[in-house]
There are 2 protein chains.
Amino acid sequence: MKNKRHSIKDIAAALNVSVTTVSFVLNGKAKEKRISEEVTKKVLEYARSINYKPNQLAQSLRTGRSKIIVVMVEDISNYFFSKLARIIEDIAYDKGYKVLFCSNENKDERSRELINLFRERQVDGYIIVPSPGIQEDISELVTDDIPVILFDRYFPEIDTNYVIIDNSEAVHNASQHLVDNSYKKIGFITIASNQTQMEARQRGYRDAMKENNLEEFVLEVPFYEKNTGKVKALIAEYLSNNDLDSIFFATNYLTQIGLEVIRESFPDKINELGIITFDDNDLFKIYFPPITAVSQPLEEIGKELMNTVLKMLKSTPEKPYRNQKILPASLIKRNSSFPNKRP
Amino acid sequence: MKNKRHSIKDIAAALNVSVTTVSFVLNGKAKEKRISEEVTKKVLEYARSINYKPNQLAQSLRTGRSKIIVVMVEDISNYFFSKLARIIEDIAYDKGYKVLFCSNENKDERSRELINLFRERQVDGYIIVPSPGIQEDISELVTDDIPVILFDRYFPEIDTNYVIIDNSEAVHNASQHLVDNSYKKIGFITIASNQTQMEARQRGYRDAMKENNLEEFVLEVPFYEKNTGKVKALIAEYLSNNDLDSIFFATNYLTQIGLEVIRESFPDKINELGIITFDDNDLFKIYFPPITAVSQPLEEIGKELMNTVLKMLKSTPEKPYRNQKILPASLIKRNSSFPNKRP
DNA sequence: CTGAAAGCGCTAACAG
DNA sequence: CTGTTAGCGCTTTCAG
């Protein structure tokens, strides 16, 4: 039952035409190359009948396109990225592309390794969440006319395509929402980072506080301490030193750690503290209390990203396809940000 | 700066040797083919100096190996699978393989599509979480001598490699843990499914109940109703009809839905109901109460899977590499299963 | 309208 | 010990 693969040559031989003709027909160039209706049909039918599938490898070698797109994110096991991966996957397979996912852990070293790895393997395009210091590698891709699009964050200094969300606006709105619900001492826990997305978020918070004449309480957790108990200690200290009535977590995993701290050290506060988190998670909905979250439009981001690379793939270096998209995020209001809905 | 790629021919020309020599040297066959030390060194050094990278595509076309492994899971955005993906990714890149992740949604149709898609693209090996009815497609892969390994569940009828965990044992232990903590009316909420892993889990529960002379309360949620509010209704109904003192959720997403139901319809019960879930999640740790979970050894599963495909890739049809591994799961005990640790 | 043939970059059998 | 050469399967130019 091992149906040996058919090649274009087999078809040509069986039908007594040349491989050229077969190739033309199969690539939809019959009209253009003015192949007779008759032959065209014959080839098409025969190809169907033996269930001919072109050898992608050979095709790639010849055309130089691998039909592979790389999606490099910070951590594929992160809720936000894995959900997005699911969406991108669907679009890609639909369009005949394969997608390689990989995680750079927000480290430049690893990002570089991965980019080099994939450059060697003639990947067609890159969708990247860039780690802080890889502008150079990114611009190299750009100058080499390799389709690359950034998302989640970008480098203002270099002219690339990107899809991001309006972080400052989103955080600004969400902060205002806390103010509207009469929270007065609003803390903002974020990562010490000068990446665009984190800076924008902090700006959104600070602006909102200023507009409302409220004091700013920002805790910047050093980035390299991710995963360590030190972050917990820092947050715990921050919480006891400031008598906050609400907290805004600027990122997914800080929320997790923060909630852990609250659970362990201030369990009674969980039902009075106002809480908002950046990036939603299925489980926040069912938390006690359900947690208000800034939610990124995953579906839209995924589509925008894929459509853009696809278009870039089709464009020429002379007239490149440009797309720098800023999408709005939405605020999903749950009990954790309404004092009157507590406990 | 656009450093045009170097080919093996360039090297040969530059060094005045033949491509064969270069190829042999570069493939580490210098010794075997008895190439002189001198030439070997010369080639190696020159290759280094121009930063030569072989064209994988050409190599693949020639050798028939793409160096790509497919990992097909139910849903890559599921916590369990995405964490695992992260582990597999690391091992694969380390070994010079690329990994393609894809989600079959536990649907046969989609599984088949994907398998066909990848067969056309000469993928080297498959790591698969099989949907219920694709035994045939799997055995086809097996009889065609294509490395495939199943995990999470398997088909007893066909002789494949697999990596699974001891589901019945794990659930049995966990159930016993509830009994030991003096829960008497223990409910078991699962999916109506005859897949091995679900059957084993239910068996583990039932056995434990029998051994302790406790009544069995099983709710089987029809599979196709995943994602609908109907599941919620079923669970709500089940909970009001049975005055349970504890619940065992047989799967990840049932826990989420179940907790949602409890939150919405029986909020006061959250602090008395004993709760255990199958498959951990970072957020269960910080829930109120923290939720006891059966946790699969992700790291081990990932390693076992990758090592196995890699070995299968190296083995011949005559002496295939066999590996059917059953790993133990562990119970992470948290407050939700201790009546005395509840407020 | 169709075919011959070159060649993408690499491997490996065969021949010195 | 090293080189010649025939492909892997496909696309595409050029020549009828």
Side-chain angles (χ1 to χ4, degrees), chain A residues 3-44 46-47 50-68 96 119-124, chain B residues 3-44 46-47 50-68 96 119-124:
Chain A
N3 40 6
K4 148 173 178 355
R5 292 184 65 113
H6 306 282
S7 80
I8 216 171
K9 212 156 74 183
D10 299 338
I11 302 183
L15 261 38
N16 255 316
V17 295
S18 79
V19 289
T20 316
T21 311
V22 178
S23 173
F24 283 155
V25 172
L26 260 22
N27 288 315
K29 297 189 179 161
K31 275 263 154 50
E32 183 187 329
K33 301 291 181 181
R34 321 201 322 152
I35 311 270
S36 71
E37 282 271 316
E38 191 192 7
V39 174
T40 305
K41 208 173 186 176
K42 197 167 64 173
V43 172
L44 251 22
Y46 184 71
I50 62 169
N51 191 27
Y52 168 78
K53 307 282 178 185
N55 180 327
Q56 285 253 0
L57 248 25
Q59 221 165 312
S60 295
L61 177 60
R62 186 62 237 233
T63 59
R65 326 196 150 286
S66 57
K67 289 273 196 174
I68 293 182
R119 291 202 64 163
E120 288 167 28
R121 305 193 182 182
Q122 36 276 317
V123 154
D124 289 349
Chain B
N3 40 3
K4 151 172 176 354
R5 291 185 65 112
H6 305 281
S7 83
I8 216 170
K9 215 156 73 183
D10 300 338
I11 302 183
L15 261 39
N16 257 317
V17 295
S18 80
V19 289
T20 317
T21 310
V22 179
S23 173
F24 283 153
V25 172
L26 260 22
N27 288 315
K29 296 187 183 167
K31 276 263 153 50
E32 183 186 332
K33 299 292 181 183
R34 322 204 318 153
I35 311 271
S36 71
E37 283 269 315
E38 192 192 7
V39 175
T40 305
K41 207 166 173 185
K42 197 169 64 175
V43 171
L44 251 23
Y46 184 71
I50 60 169
N51 191 26
Y52 168 78
K53 307 282 178 185
N55 180 327
Q56 286 253 358
L57 249 24
Q59 223 165 313
S60 295
L61 176 60
R62 187 63 239 238
T63 59
R65 328 194 151 283
S66 58
K67 290 274 198 173
I68 293 182
R119 291 202 63 163
E120 287 167 27
R121 305 193 183 183
Q122 35 278 317
V123 153
D124 289 348

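Letters A, B, ... mirror the listed sequences (proteins, then strands); counts begin at 1. None of these values were measured; they are calculated from a predicted model. All values below were derived from every heavy atom in this structure, side-chain atoms included, with hydrogens, water molecules and symmetry-related copies excluded.
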Hey, does the side chain of [X] reach the backbone of [Y] with a donor-acceptor pair shorter than 3.5 angstrom?
X	Y	value
B:S23	B:V19	no
B:S66	B:S60	no
A:N27	A:K29	no
B:D124	B:R65	no
A:T40	A:S36	yes

Discussion item. When you measure from the side-chain N and O atoms of A:S36 to the phosphate of C:dT2, is any distance below 4.0 Å, counting only OP1 and OP2?
Written reply: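 It does, given that an N or O in the side chain of A:S36 lies less than 4.0 Å from OP1 or OP2 of C:dT2.
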Worksheet entry | Phosphate OP1/OP2 of C:dG3: any A:S18 side-chain N/O under 4.0 Å |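 So the side-chain polar atoms of A:S18 do come within 4.0 Å of the phosphate oxygens OP1 or OP2 of C:dG3, strictly under.
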Discussion item. To check you understand the geometry: which heavy-atom pair defines the closest contact between B:A47 and B:I11, and what is its length?
Written reply: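 Looks like CB-CD1, 4.2 Å.
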Discussion item. Restricting to non-hydrogen atoms, name the atom on B:S18 and the atom on B:A12 that form the minimum distance, rounded to 0.1 Å.
Written reply: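 Closest approach of B:S18 to B:A12, heavy atoms only: C-CB, 3.8 Å.
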Length of the line joining [X]:[atom1] and [N]:[atom2], which is rounded to integer Å:
X	N	atom1	atom2	value
B:Q56	C:dC10	CD	P	11 Å
A:K31	C:dC1	NZ	C1'	14 Å
A:E38	C:dC1	CD	P	11 Å
B:K67	C:dC10	NZ	C1'	15 Å
B:K9	C:dA6	NZ	C1'	11 Å
A:L15	C:dT2	CG	P	12 Å

Discussion item. Going 5' to 3' along DNA chain D, between which two nucleotides do contacts with chain A fall, using a heavy-atom cut-off of 4.0 Å?
Written reply: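 From 5' to 3', the first and last contacting nucleotides are D:dC8 to D:dT13.
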Discussion item. Generate the contact string for nucleotides 11-16 of chain C. Rules: B means base contact, S means sugar-phosphate contact only, - means no protein heavy atom under 4.0 Å.
Written reply: BBB---
Practice prompt. To the nearest 0.5 Å, tell me how far B:L61 CG sits from A:N55 CG.
Written response: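 B:L61 CG to A:N55 CG: 6.0 Å, rounded to 0.5 Å.
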Worksheet entry | From A:Q122 atom CD to A:I68 atom CD1, the distance as rounded to the nearest 0.5 Å |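 Rounded to the nearest 0.5 Å, the CD-CD1 separation comes to 9.0 Å.
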Item to complete: I would like to know whether A:L15 and A:V22 meet side-chain contact (heavy atoms from CB on, under 4.5 Å); could you show each step before the answer?
Response: CA-CA 9 Å; A:L15 261 38; A:V22 178; 5.8 Å; no
Worksheet entry | Bend angle of the helix from C:dC1-D:dG16 to C:dG16-D:dC1, end axes from five pairs each (to 10°) |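 End-to-end axis angle for the helix from C:dC1-D:dG16 to C:dG16-D:dC1: 50°, rounded to 10°.
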Worksheet item: Taking C-beta and beyond as the side chain, do B:Y52 and B:L26 meet within less than 4.5 Å on heavy atoms?
Response: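 Touching, per the 4.5 Å side-chain cut-off.
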